[in-house]
Amino acid sequence: MAKAMKESGTKRIILASILGIYDGVPGAFGKWNTRMVDATGIQSHKEATALFEIPEFDYTILRLTWLYNQAGNSNYHLTYKGEPFEGAQVTFERFYTPWTLKCKNFITGK
């Protein structure tokens, strides 16, 4: 995969995944999340994510919380790998806007 990235000129990969791939969702919410997604679903995402977590890649992995609609709600909390999740939900609007702009900048180089 690293060879294909070099050949295509790809410099960064942004991957969207789910909660639970690093076992960072504690307590009752973590148990609920596992029931909703299913342990095999979380395991599949863990395996897929691991393919990109290699030194040759410049990557960002978005571990999406549960998304919902609520216009004007821009609250969010960043959680880094190795930290337990503190937030359980984020609005579609909050997630979509900054990442759309960031991806557009990656594509256009601006």
Side-chain angles (χ1 to χ4, degrees):
M1 215 179 292
K3 181 181 176 188
M5 283 182 65
K6 283 183 184 181
E7 289 173 356
S8 69
T10 303
K11 300 195 183 318
R12 183 169 194 81
I13 292 175
I14 300 173
L15 176 69
S17 193
I18 61 172
L19 290 177
I21 61 170
Y22 300 129
D23 303 315
V25 187
F29 178 65
K31 291 176 184 172
W32 177 87
N33 184 66
T34 299
R35 278 195 320 273
M36 293 298 106
V37 177
D38 189 60
T40 56
I42 292 173
Q43 183 61 36
S44 294
H45 280 268
K46 282 182 184 184
E47 292 169 7
T49 301
L51 296 173
F52 296 92
E53 293 184 296
I54 60 174
E56 294 85 4
F57 285 174
D58 185 8
Y59 63 88
T60 297
I61 297 171
L62 304 173
R63 294 174 292 153
L64 302 179
T65 61
W66 291 88
L67 300 169
Y68 68 102
N69 288 317
Q70 187 179 42
N73 183 344
S74 61
N75 296 328
Y76 72 98
H77 182 84
L78 290 178
T79 304
Y80 296 93
K81 185 177 180 180
E83 297 177 352
F85 266 83
E86 292 184 25
Q89 297 179 327
V90 67
T91 63
F92 284 100
E93 179 182 8
R94 180 63 187 150
F95 169 75
Y96 177 78
T97 303
W99 285 102
T100 301
L101 295 173
K102 192 171 261 312
C103 290
K104 182 179 175 185
N105 290 343
F106 284 134
I107 293 167
T108 62
K110 297 177 183 175

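Heavy-atom basis, side chains included; hydrogens, waters and symmetry copies ignored.
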- line: Those residues at least two apart in sequence (or on a different chain) that pass salt bridge (Lys or Arg N to Asp or Glu O under 4.0 Å) with D58 are R12
query: Which residue pairs satisfy the salt bridge (charged side-chain N to carboxylate O under 4.0 Å, His left out) criterion with at least one member in residues 13-23, sequence neighbours excluded?
result: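 Pairs touching residues 13-23 that pass the test: D23-K46.
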- prompt: With sequence neighbours left out, which residue pairs that include part of residues 26-35 fulfil the side-chain hydrogen bond (donor to acceptor under 3.5 Å, both in side chains) condition?
  reply: N33-W66
- line: side-chain contact (heavy atoms from CB on, under 4.5 Å) filter on S44, not counting sequence neighbours, yields none
task: Using the test side-chain contact (heavy atoms from CB on, under 4.5 Å), find all partners of I61 that sit at least two apart in sequence or belong to another chain.
output: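 L15, S17, I21, Y22, T49, E53, Y59, R63.
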